[in-house]
Amino acid sequence: MKFNIHGLAFKQSLMILVGITIVFGGVLGVMRYLSNEKLGEMLTKRSEEVSQANIVLFERIFNDAIAIGEAAVSTIETETMTPEEQGMFLRKALEEAMFRLPQVEAIVVAYEQGMAPNARANEYMRLAMREGDSIVVKDGHSYQEKLWYTSTKNKQKALWQEPFIGQFVPGPIAVYTIPIFKTDKAGEKKFAGVLCVDISL
């Protein structure tokens, strides 16, 4: 049997087929547009949720670091410790800090000349830091010109420092610094040094 391409039946069939193709293509296009729009909305909503969760997480980390630092400074300012006792205190403070906030890498105290437990030292810096699965206490040096020390000393208030690569902690850290004050015999508060809480980034 031969197809008559000039016949009415063929033309009607062709027109129906073209019409169905146009309608089907239009439906597919609309469905694709709507699904892309819906997917875009879902991705935007998910991104906003993730961003909000990250904000909450960072706020918790920063607030915990502040609380850890303030508790340590309060003890250092009010109690008289020997260098050995201070080493034990820093180790215990870091252990408790790591339990509360696993991102804490070190707790550091750095003193003004004559204000340290070893009052004769020109420089006196002690830090408790994470080393593998254990905590070690080390002596530091050459800190009096470091920005984290001078900025806290000059402003006489607690500060978040710009992130940097630490001398003792591998990788970038955010550091919360708090001035340490000691009350002299005349009852006046004097700047005695800086306490740092090092947070791994």
Side-chain angles (χ1 to χ4, degrees), residues 54-182 191-201:
N54 283 336
I55 289 168
V56 170
L57 173 64
F58 281 117
E59 282 180 353
R60 186 185 69 77
I61 288 172
F62 291 151
N63 289 338
D64 283 354
I66 290 167
I68 289 164
E70 287 174 352
V73 162
S74 176
T75 302
I76 288 170
E77 287 180 339
T78 55
E79 293 186 19
T80 303
M81 295 184 245
T82 65
E84 292 76 23
E85 289 170 337
Q86 191 176 70
M88 288 189 289
F89 166 75
L90 288 173
R91 183 188 302 273
K92 188 171 187 313
L94 179 58
E95 192 176 283
E96 290 172 359
M98 286 165 55
F99 180 76
R100 179 175 180 174
L101 185 62
Q103 292 86 353
V104 175
E105 290 289 333
I107 296 180
V108 181
V109 286
Y111 286 96
E112 281 287 280
Q113 185 174 350
M115 301 297 283
N118 182 357
R120 289 173 297 192
N122 288 335
E123 284 196 327
Y124 190 86
M125 175 178 163
R126 302 293 301 278
L127 65 151
M129 59 177 285
R130 186 194 306 246
E131 200 168 81
D133 293 332
S134 59
I135 294 172
V136 296
V137 178
K138 294 184 176 184
D139 292 328
H141 55 83
S142 305
Y143 59 85
Q144 290 178 344
E145 299 303 317
K146 300 280 187 189
L147 182 60
W148 58 265
Y149 189 85
T150 57
S151 62
T152 309
K153 178 181 177 179
N154 293 338
K155 294 189 178 177
Q156 303 269 304
K157 67 176 186 178
L159 301 168
W160 277 105
Q161 303 292 331
E162 288 289 329
F164 61 92
I165 304 292
Q167 180 182 353
F168 295 96
V169 178
I173 52 173
V175 179
Y176 185 64
T177 56
I178 309 172
I180 301 167
F181 295 98
K182 290 284 188 183
F191 175 78
V194 175
L195 179 133
C196 306
V197 181
D198 294 359
I199 308 290
S200 171
L201 295 179

* Asked: When you look at NZ of Lys146, are more than 12 heavy atoms from neighbouring residues, nucleotides or ligands closer to it than 6.0 Å?
  -> no

* To do: Answer yes or no: are there more than 12 heavy-atom neighbours, outside Glu162 itself, under 6.0 Å from its atom CD?
  => no

* Would you say the side chain of Tyr176 lies within less than 4.5 Å of the side chain of Ile68, judging by non-hydrogen atoms? -> no

* **Test salt bridge (Lys or Arg N to Asp or Glu O under 4.0 Å) applied to Glu131 - qualifying residues, sequence neighbours left out** => Lys138

First locate atom [atom1] of [X], then atom [atom2] of [Y], and finally report the distance between them rounded to the nearest 0.5 Å.
X: Met125; Y: His141; atom1: CE; atom2: NE2; result: 8.5 Å
X: Arg91; Y: Leu127; atom1: CZ; atom2: CG; result: 11.5 Å
X: Arg130; Y: Leu94; atom1: CZ; atom2: CG; result: 7.0 Å
X: Thr150; Y: Gln144; atom1: OG1; atom2: CD; result: 11.0 Å
X: Glu145; Y: Leu147; atom1: CD; atom2: CG; result: 11.0 Å
X: Lys182; Y: Glu112; atom1: NZ; atom2: CD; result: 13.5 Å

Closest non-hydrogen atom pair between [X] and [Y], with its separation:
X: Glu85; Y: Thr80; answer: OE1-O, 4.0 Å
X: Leu101; Y: Ala65; answer: CD2-N, 3.9 Å
X: Met115; Y: Phe191; answer: CE-O, 3.9 Å
X: Leu195; Y: Ala72; answer: CD1-CB, 3.7 Å
X: Ile180; Y: Val194; answer: CD1-C, 3.7 Å
X: Ser151; Y: Trp148; answer: OG-O, 3.6 Å

Check for a donor-acceptor pair, side chain of [X] on one end and backbone N or O of [Y] on the other, with a separation under 3.5 Å.
X: Arg100; Y: Asp64; value: no
X: Glu77; Y: Phe181; value: yes
X: Gln156; Y: Lys153; value: yes
X: Thr152; Y: Pro179; value: no

* Structure fact -> Sorted by chain and number, sequence neighbours left out, side chain to side chain contact (heavy atoms under 4.5 Å, CB included) with Arg126 holds for Pro83, Gln86, Leu90, Val109, Tyr124, Val137, Asp139

* Structure fact -> Quick note, ring-ring contact (aromatic ring centres under 6.0 Å, His included) partners involving residues 61-93, not counting sequence neighbours, are Phe62-Trp160

* **Reference residue Ile173; test side chain to side chain contact (heavy atoms under 4.5 Å, CB included); the match among Val197, Asp198, Val104, Ile165** => Asp198

* Asked: Will you find, in the side chains of Gln161 and Tyr149, an N or O donor that is under 3.5 Å from an N or O acceptor?
  -> no

